[in-house]
Trainee: 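To start, I am sharing the structure in question, which I have written as structure tokens.
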Number of protein chains: 2
Amino acid sequence: MISQTAEYALRAMVFLAMNQDNAQVTERIATGTKVPASYLSKVLQSLSRAALVKSQRGLGGGFCLAKAPEETTILEIINAVDPIKRIETCPLDLNSHGVVLCALHKRLDEAIASVEQAFEKTTLKEILAKPTKSVPLCDGASLDK
Amino acid sequence: MISQTAEYALRAMVFLAMNQDNAQVTERIATGTKVPASYLSKVLQSLSRAALVKSQRGLGGGFCLAKAPEETTILEIINAVDPIKRIETCPLDLNSHGVVLCALHKRLDEAIASVEQAFEKTTLKEILAKPTKSVPLCDGASLDK
DNA sequence: TTAATTCTGGATATTTTTATCCAATTATCC
DNA sequence: GGATAATTGGATAAAAATATCCAGAATTAA
């Protein structure tokens, strides 16, 4: 449903949103999100190319959000690493169907569309603000060392 | 979003629903749904084990629906080959979270839940009955030879 | 300028998903 | 019983997703 890569990207973005004060290094994001560092490195690259994070090399460098948390949606994050694909045309390439989907693929696409909508409406800020018992990613203790 | 395998399973089931008169052979279902026959064979096995189709070997054998189209949901079909997994516990295994999901995973799970619900509410019969311009799987001409 | 830090990009490995093939088994027909 | 038709299950192959590693480039500090 949601790929591992997308899950990682979301965690990383939430982590950065929770630690906006200073740039975060890959290694630190990795431990904070329980994502394999070497793979996270690739995920962060994708997020960087999608202009969702800014990267900075060298001492004191790392990653930080490119936009304010209220301006970044879950959908953008997911689409940056593993785009949600709507069903636009008949997957069977049936001539007669053309752009008009049959009932089956119409139903499937509606479901995808609703997920897309839900994700588009949710911003990073909302994730942070929600007063749940559990702080995202956080296991009781504070993340700042 | 929806795996290839699930897509194939849905096509096969719709095909069987549209051809309930007599048992359909793998090869025939394959051409009718544009699914690679050798792989479809495995998919049908899964559907058979899930008791969504009945199989019959030998001459005149093949596959047919195990239940009436109005009693088979899209969700059952998908779950038979590639189960939809809700997020039940924190994917990071954070002690403090336990069963209470953080805002991020709560949102993700809500999306999954809505898809699950939509699929649970849709039966094969509805797929057949919907008066769309495009007949499912069908490219203008009738499927019966 | 040198050393240390950190991202970047490429090569590669591992795992999962998707796909193929075939011998064995079951069923039907003559 | 023998021939044919069809699924079953196992072995295997190919492709995609996930993961690892490392040399190179950029940045900072001294």
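A, B, ... follow the sequence lines: proteins, then strands. Residue 1 opens every chain.
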Trainee: Side-chain N or O of B:Arg49 less than 4.0 angstrom from OP1 or OP2 on D:dG9?
Mentor: yes
Trainee: Between C:dC7, D:dT7, C:dT8, spot the one nearest the side chain of A:Val25, thanks.
Mentor: C:dC7
Trainee: Whole angstroms only, please: what is the CD-P distance between B:Gln24 and D:dA5?
Mentor: 17 Å
Trainee: How many whole angstroms separate atom CD1 of B:Ile29 from atom C1' of D:dA6?
Mentor: 12 Å
Trainee: Between protein and nucleotides 15-30 of chain D, map the contacts as a letter string: B base, S sugar-phosphate only, - none, heavy atoms under 4.0 Å, written 5' to 3'.
Mentor: ---BBB---BBSBS--
Trainee: State yes or no: do B:Val25 and B:Val35 share one hydrophobic cluster built from I, L, V, M, F, W and Y residues joined by side-chain heavy-atom distances below 4.5 Å, directly or via other members?
Mentor: no
Trainee: Answer yes or no: is there a side-chain heavy-atom contact under 4.5 Å between B:Phe119 and B:Thr73?
Mentor: no
Trainee: With the side chain of B:Thr26 defined as its heavy atoms from C-beta on, choose the nearest nucleotide among D:dT7, D:dT8, C:dT6.
Mentor: D:dT7
Trainee: Using whole Å, what does the distance between atom P of nucleotide C:dT25 and atom CD of B:Gln45 come to?
Mentor: 15 Å
Trainee: Give a yes or no on this: more than 12 heavy atoms of other residues, nucleotides or ligands lie within 6.0 Å of atom NZ of B:Lys67.
Mentor: yes
Trainee: One thing to verify: whether A:Arg107 and B:Glu126 come together as a salt bridge, which I'm taking to mean a side-chain N less than 4.0 angstrom from a carboxylate O.
Mentor: yes
Trainee: In whole Å, I'd like the distance from the CG atom of B:Leu47 to the P atom of D:dT7.
Mentor: 13 Å
Trainee: Provide the full list of side-chain hydrogen bond (donor to acceptor under 3.5 Å, both in side chains) pairs with a residue in residues 39-53 of chain B, sequence neighbours left out, each pair given once.
Mentor: B:Thr5-B:Tyr39, B:Gln45-B:Arg49
Trainee: Please report the distance, rounded to the nearest Å, between CG in B:Leu44 and C1' in D:dT8.
Mentor: 12 Å
Trainee: B:Glu27 CD to C:dT20 C1': how many Å, rounded?
Mentor: 13 Å
Trainee: For the side-chain contact (heavy atoms from CB on, under 4.5 Å) test, which of A:Ile127, A:Thr123, A:Asn79 pairs with A:Ile74?
Mentor: A:Ile127
